[in-house]
Amino acid sequence: QALKQNTNLQALELDGNNITSNGFEKMSTAIYDPSSLSAVESCNHTCSVDRVEGNEYVMTPRQRRNQKLYKLLSTRHLGGSNARHLNAELGEEKYTI
């Protein structure tokens, strides 16, 4: 939770640490949580973590955020579920896609 909300930490190098797969999964979710658009938006985009794909140090926080949103929408597109997810997340009564 602290990593998810931290906007000061710019880089975290985990390579060579004995982090369990469960611990790494928790940290990855702080960086990229594809459960919804809101979840992606609330992730940490400031910190670069060396073991998280697509989270390169040379990218700006905005570029990291945009890449995560693109990845989420692309994955949903492949499954043919973008419209269903967007209707659910944005509210079907206001918008229908």
Side-chain angles (χ1 to χ4, degrees):
Q1 189 65 16
L3 179 59
K4 190 169 197 167
Q5 297 172 350
N6 187 316
T7 57
N8 295 316
L9 186 64
Q10 293 183 358
L12 190 59
E13 294 189 22
L14 303 175
D15 211 21
N17 289 301
N18 292 327
I19 299 171
T20 65
S21 58
N22 187 36
F24 184 68
E25 184 178 322
K26 297 275 187 198
M27 290 178 36
S28 293
T29 303
I31 299 298
Y32 177 65
D33 179 359
S35 61
S36 70
L37 288 171
S38 294
V40 170
E41 184 60 36
S42 68
C43 286
N44 184 326
H45 308 297
T46 306
C47 184
S48 168
V49 180
D50 64 346
R51 290 180 55 190
V52 176
E53 181 184 342
N55 199 41
E56 288 81 21
Y57 184 71
V58 296
M59 297 172 73
T60 67
R62 184 173 195 81
Q63 288 171 320
R64 287 189 194 106
R65 175 187 165 270
N66 292 346
Q67 184 172 20
K68 293 171 193 176
L69 289 169
Y70 178 80
K71 181 178 179 181
L72 173 66
L73 294 171
S74 296
T75 301
R76 288 179 176 178
H77 174 73
L78 288 174
S81 64
N82 259 335
R84 179 175 51 84
H85 279 98
L86 290 171
N87 283 334
E89 292 170 23
L90 299 176
E92 289 190 44
E93 64 280 348
K94 288 186 176 181
Y95 312 97
T96 301
I97 297 173

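The figures here come from the full heavy-atom set of this structure, side chains too, leaving out hydrogens, waters and symmetry mates. In this text the structure is predicted, and so the values were computed from the model without any measurement.
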Assess whether side chain to side chain contact (heavy atoms under 4.5 Å, CB included) is satisfied between K4 and C43, documenting all intermediate values. CA-CA 5 Å; K4 190 169 197 167; C43 286; 4.3 Å; yes
Output yes when a side-chain donor or acceptor of N17 lies under 3.5 Å from a complementary backbone atom of I19, and no otherwise. no
Run the side chain to side chain contact (heavy atoms under 4.5 Å, CB included) test on S81 and R84 for me, step by step, so that the C-alpha distance in whole Å, both residues' side-chain angles and the decisive distance to 0.1 Å come before the verdict. CA-CA 5 Å; S81 64; R84 179 175 51 84; 3.4 Å; yes
Can you see which heavy atom on A39 is nearest to which on S36, and at what distance? N-OG, 3.0 Å
All heavy atoms of Y32 vs all of K71, minimum pair found to be OH-CG, 3.7 Å
About how many Å separate CD of E89 and OG of S35, when rounded to the nearest 0.5 Å? 8.0 Å
Closest heavy-atom pair and its distance - V40, K68: CG1-CB, 3.8 Å
Checking Q67 side chain against R64 main chain: does a donor-acceptor pair fall under 3.5 Å? no
What residues, two or more places apart in sequence or in another chain, satisfy side-chain contact (heavy atoms from CB on, under 4.5 Å) together with R65? E41, H45, L69
With sequence neighbours excluded, what pairs up with L9 under the side-chain contact (heavy atoms from CB on, under 4.5 Å) test? L3, N6, L12, C47
Roughly how far, to the nearest 0.5 Å, is OG1 of T46 from CD1 of I31? 9.0 Å
Are there more than 12 heavy atoms of other residues, nucleotides or ligands under 6.0 Å from atom CD of E25? no
Might you confirm whether atom CD of E13 has over 12 heavy atoms from other residues, nucleotides or ligands at distances under 6.0 Å? no
